[in-house]
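Here is the naming used below: chain letters follow the sequence lines, and residue numbers restart at 1 for every chain.
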2 protein chains.
Amino acid sequence: MADRLTPRAREIVTAARDLLEESGPAQLTMRTLADRLGIKAPSLYKHFPDKHAVEVELVAQLLTETAEALEAAEARAPGSLEALAGAYRSYALAHPHLYSLGTERPLPRAELPAGLEDRAALPLLRACAGDLDLARAFWAFAHGMVTLEIHGRFPADADLEAAWKRGLGALGT
Amino acid sequence: MADRLTPRAREIVTAARDLLEESGPAQLTMRTLADRLGIKAPSLYKHFPDKHAVEVELVAQLLTETAEALEAAEARAPGSLEALAGAYRSYALAHPHLYSLGTERPLPRAELPAGLEDRAALPLLRACAGDLDLARAFWAFAHGMVTLEIHGRFPADADLEAAWKRGLGALGT
DNA sequence: GGTCATGGCTAACGACGTTAGCCACTACCC
DNA sequence: GGGTAGTGGCTAACGTCGTTAGCCATGACC
């Protein structure tokens, strides 16, 4: 998100983001990405060493925007786990493909901006008053709900609001 | 898992299962699968319409074995959410690639044996005394813990036992 | 003994990520 | 102004992927 990228590289990431969100990971191809930019696929390699590097930037966007969403929720309702959960869920469901991309493989920690992962985790940690175990359990619950929801694992008629409430009630204060 | 497959098709699925568990989804290729069976890739299409159909059988295995693991835990400790969670976690961590394959995409419900999905869910539902919301919250927590664990999203030094205990304590009886 | 299903095979297609190598354009320095 | 170097395009091609078409050997059956 920072000056770690040239302007042209940023344009490419923007196009990749659009492509991913519109059509899903399967359509995020070097050729279709190049198409959208009006260039040919090999030209992309003047700006990124490989496809993975483009995806890393998308993961960085996911983490950054998740952090922003959580920080905003925290500002609105300090200390509220429910507010954090709502923000997390809304953001994830609004960007399901990006969420999957950033979630369904090992984090490329070495290639991400320093401190980004921590930043995304901090609001939850603050709301849990530093209780690491609770924070991890809470994160697992929210992440589980979101992924099951995104991948259509719940029955179509399931009352997910109620399930969220139940989990929040149990794990909340 | 039943007579829905010819003997040869079952052999192919067995080889696919071995390949997946040994080397991960990226190595599960029609060509390497055929190699392992001593035949050529196109011959596989005499037994399955496409790669997806092979994967569906693997997902069916995952669901069946998960159901068996949960039923065994239930038999050992009836009504214990903790026992179910332990069985779920052990099974998933023992078969991480299979778990990911069956979890990270929409369920091919139409192509799975009838009743299989329900069977896998029943032990949890019984332990929750029919409380659907609790069962879903619990499932989300367990699934979230397992996927985050499999994909290395927790810090290497995280005390996951403690996080599990915390979640179980909150969601348990 | 002819017929037909079964289950192999080779050759090939189109899409994928990626590499090699070429070329136009611009900026800069003497 | 003329060389030099960097930037950012391009075409052609390679190897791998899933998949299709079409051929052929085997064995069961009437």
Side-chain angles (χ1 to χ4, degrees), chain A residues 2-60 97-98 100-102 104-106 108 110-111, chain B residues 2-60 97-98 100-102 104-106 108 110-111:
Chain A
D3 37 276
R4 47 196 240 119
L5 293 185
T6 68
R8 187 55 168 151
R10 254 190 299 267
E11 289 178 21
I12 292 174
V13 172
T14 301
R17 169 83 182 255
D18 292 346
L19 200 51
L20 173 67
E21 302 223 4
E22 286 168 23
S23 321
Q27 293 308 312
L28 181 51
T29 337
M30 295 305 262
R31 281 173 173 87
T32 61
L33 175 55
D35 260 10
R36 179 166 291 228
L37 290 155
I39 62 178
K40 304 294 178 181
S43 302
L44 293 171
Y45 292 81
K46 299 289 180 168
H47 305 277
F48 291 93
D50 50 29
K51 186 185 179 184
H52 177 70
V54 179
E55 291 174 338
V56 166
E57 292 306 314
L58 295 179
V59 174
H97 293 309
L98 181 60
S100 299
L101 181 75
E104 287 176 0
R105 60 198 76 191
E111 299 147 75
Chain B
D3 38 277
R4 47 196 241 121
L5 292 184
T6 68
R8 187 54 167 152
R10 255 190 298 269
E11 288 178 23
I12 293 174
V13 172
T14 301
R17 168 82 181 255
D18 292 346
L19 198 52
L20 173 66
E21 301 224 3
E22 287 168 22
S23 321
Q27 293 307 311
L28 182 51
T29 307
M30 294 304 262
R31 282 173 172 87
T32 62
L33 175 55
D35 261 10
R36 179 166 291 227
L37 290 155
I39 62 178
K40 303 295 176 179
S43 303
L44 294 171
Y45 292 81
K46 299 288 181 171
H47 306 277
F48 290 93
D50 50 27
K51 186 184 180 185
H52 177 69
V54 180
E55 291 173 338
V56 166
E57 291 306 315
L58 296 179
V59 174
H97 293 308
L98 182 60
S100 299
L101 181 74
E104 288 176 0
R105 61 197 79 190
E111 300 145 76

Could you give the CG-to-C1' distance, from Leu44(B) to dG7(C), as a whole number of Å?
11 Å
May I ask you to verify if any side-chain N or O of Ser43(B) is less than 4.0 angstrom from the OP1 or OP2 atom of dG7(C)?
no
Spacing of Ile39(A) atom CD1 relative to dT11(D) atom P, expressed in whole Å:
12 Å
Of Arg17(B), Arg4(B), Lys51(B), the residue whose pairing with Glu57(B) passes salt bridge (Lys or Arg N to Asp or Glu O under 4.0 Å):
Arg4(B)
Taking all non-hydrogen atoms of both residues, which atom of Leu58(B) and which atom of Leu98(B) are closest, and how far apart?
O-CD1, 3.5 Å
Counting N and O atoms only, with roles assigned by atom type, does the side chain of Thr29(B) sit under 3.5 Å from a partner on the main chain of Thr32(B), one being a donor and the other an acceptor?
no
Apply side-chain contact (heavy atoms from CB on, under 4.5 Å) to Leu28(B) and Val54(B), showing your working.
CA-CA 10 Å; Leu28(B) 182 51; Val54(B) 180; 5.8 Å; no
Applying side chain to side chain donor-acceptor pair (under 3.5 Å), which residue pairs with at least one partner in residues 34-47 of chain B are found, sequence neighbours left out?
Glu22(B)-Arg36(B)
Using whole Å, what does the distance between atom P of nucleotide dG17(C) and atom CZ of Phe48(A) come to?
15 Å
Give the rounded distance in Å between these two atoms: CG of Asp35(B) and P of dG8(C).
14 Å
Output one letter per nucleotide in nucleotides 15-27 of chain D: B when a protein non-hydrogen atom lies under 4.0 Å from the base, S when only the sugar-phosphate is that close, - when neither is.
--BBBBB------
Length of the line joining Lys40(A):NZ and dA13(D):P, which is rounded to integer Å
16 Å
In short, Ala16(B) meets Leu33(B) closest at the heavy-atom pair N-CD1, 3.5 Å
Quick one: Leu37(A) CG to dG8(D) P, roughly how many Å, whole number?
13 Å
